[in-house]
2 protein chains.
Amino acid sequence: MAYHRNRKHVDGDGWASCAASGLRLAGRLWIECDGQTLLSWKRIDLLECVRDSGSISLAARSMGIAYRHAWELLEDMNQHSRQPLVERVVGGKGGGGTRLTAAGHEAIRRFHAVVQQFNVFLEAECSEFLDLFGKRPEV
Amino acid sequence: MAYHRNRKHVDGDGWASCAASGLRLAGRLWIECDGQTLLSWKRIDLLECVRDSGSISLAARSMGIAYRHAWELLEDMNQHSRQPLVERVVGGKGGGGTRLTAAGHEAIRRFHAVVQQFNVFLEAECSEFLDLFGKRPEV
DNA sequence: CTGCGCTATTCCCTAGCGGGAATAACGGAC
DNA sequence: GTCCGTTATTCCCGCTAGGGAATAGCGCAG
């Protein structure tokens with residue numbers, strides 16, 4: 001299996017959280033602009049990979065996804081965002097490359113902040129189901 | 001297009017929320033037990049349809065999904081839940097039927113409560129992105 | 001001018017999800 | 001007994017997301 005970035009998220013593109021009993025309240029967040037998906041966990045992951053590697057191809061490889069797919073995601077983000085999140089250069093030094101705009105960096109920061117709050121939420125709400133599905137059934 | 005139940009959720013199986021500018025913070029919740037999906041929006045919807053119709057086949061029809069799929073979902077829920085959520089009868093009056101157990105009813109109630117809180121969360125957090133993606137770009 | 005590594009773009013192919021149809025078994029109503 | 005509508009189960013099929021490979025174009029380094 002190809003190398004995937006080491007991240008704290010769980011399977012798929014969601015977050016999970018719970019205390020015990022094999023019980024888990026999981027969730028997923030994304031941001032839409034005019035009905036089009038703008039940001040998601042996967043997309044933020046991609047932005048970070050691009051930021052760290054400086055190119056779409058390297059980012060795609062490190063995420064274990066196809067370049068084509070990564071390119072489509074970035075293209076889609078730039079298209080539907082009010083201001084572009086990445087800036088791409090074709091040809092030149094090193095063949096070109098891709099870097100984040102200020103908005104791209106800010107998007108990552110904001111999204112992470114919301115995710116952190118989301119995890120707090122999940123942790124808190126999960127307990128609502130403990131007595132129903134946890135170790136000791138009550139209902 | 002087949003008839004679908006009138007519900008307040010958005011496309012797919014998530015919830016959405018935001019104030020303005022075509023910007024929307026959307027999300028999705030589900031509950032896992034030992035790594036297996038136990039409840040989700042779609043599954044709660046199915047439970048409610050079963051509760052209201054008294055049969056899997058009618059519930060499937062009203063949701064616009066295949067009976068086979070509905071059956072699989074319910075089977076999966078019963079398998080992975082500590083206590084069964086539905087009780088099924090083969091043959092007999094009216095050919096049989098399916099009804100919710102007490103745990104099934106409680107699952108619906110709890111899930112809706114969490115969803116309500118989730119919507120509050122989404123509404124609040126969405127504002128974090130308004131100045132980044134909203135009407136007046138600032139970054 | 002040549003080479004290189006990247007962006008950009010196309011085509012094919014696969015796996016999985018889920019619809020749709022067909023069938024059997026069941027058991028009360030009649 | 002027959003009829004009926006349900007649960008239960010199987011097989012086939014189409015759609016879509018996404019991987020993989022191949023190719024062209026670009027522009028600086030050398």
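Each chain gets a letter, A, B and so on, in the order the sequences are listed, and its residues count up from 1.
- Atom CG of B:Leu46 is separated from atom P of C:dG18 by 12 Å (rounded to the nearest Å).
- Of the candidates D:dT7, C:dG20, D:dG19, the closest approach to any side-chain atom of B:Ser55 belongs to D:dT7.
- Remark on DNA chain D: of its neighbouring residues A:Gly91 and A:Ala70, the 5'-side contact belongs to A:Ala70, judged by nearest-heavy-atom nucleotide.
- Formation of a donor-acceptor pair under 3.5 Å by the B:Thr101 side chain with backbone atoms of B:Pro84 is found in this model.
- Picking from D:dA8, C:dG19, C:dT9 the nucleotide with the shortest atom distance to the side chain of A:Arg68 gives C:dT9.
- Distance from the side chain of B:Ser57 is smallest for D:dT6 among the nucleotides D:dT6, D:dG19, C:dG18.
- Where B:Gly96 and A:Tyr67 meet DNA chain D, the nucleotide closest to each residue was compared, and B:Gly96 sits on the side nearer the 5' end.
- Going from atom CZ of A:Arg88 over to atom P of D:dG27 covers 15 Å, rounded to whole Å.
- With rounding to whole Å, B:Lys42 atom NZ is found 11 Å from C:dC17 atom P.
- Relative to the side chain of A:Ile65, the nucleotides D:dG19, D:dG18, C:dG19 differ in distance, and D:dG19 lies closest.
- Distances from the side chain of B:Val90 to the nucleotides D:dG25, D:dT7, D:dC28 place D:dT7 closest.
- Per the geometry, CD belonging to A:Glu72 stands 14 Å off P belonging to C:dC11, to the nearest Å.
- In terms of modelled atom types and a separation under 3.5 Å, the side chain of A:Gln83 and the main chain of B:Leu132 share a donor-acceptor contact.
- Closest approach to the A:Leu58 side chain among C:dT7, C:dG19, C:dC6 is made by C:dC6 (side chain taken as heavy atoms from C-beta onward).
- A salt bridge links A:Asp76 with A:Arg43: the distance from a Lys NZ or Arg NE/NH1/NH2 to an Asp or Glu carboxylate oxygen falls below 4.0 Å.
- Between A:Trp71 and the phosphate of C:dA8, there is a side-chain N or O to OP1/OP2 separation shorter than 4.0 Å.
- The CG-P distance, from B:Asp76 to D:dT9, rounds to 14 Å in whole Å.
- If you measure from atom CD of A:Glu75 to atom P of C:dC6, you get 20 Å, rounded to the nearest angstrom.
- Closest to the side chain of B:Ile56, from the set D:dC28, D:dA8, D:dG19, is D:dA8.
- Side-chain proximity of A:Lys93 to the nucleotides C:dA8, C:dG19, D:dC28 is greatest for D:dC28.
- A salt bridge links A:Asp131 and B:Arg110; the closest N-O separation between the charged side-chain nitrogens and carboxylate oxygens is under 4.0 Å.
- Spacing between atom NE2 of B:His69 and atom P of D:dT10 amounts to 18 Å, rounded to whole angstrom units.
- Whole-Å rounding puts the B:Leu73 CG to D:dA8 C1' distance at 15 Å.
- A salt bridge links B:Arg88 to B:Glu75: at least one charged side-chain nitrogen sits closer than 4.0 Å to a carboxylate oxygen.
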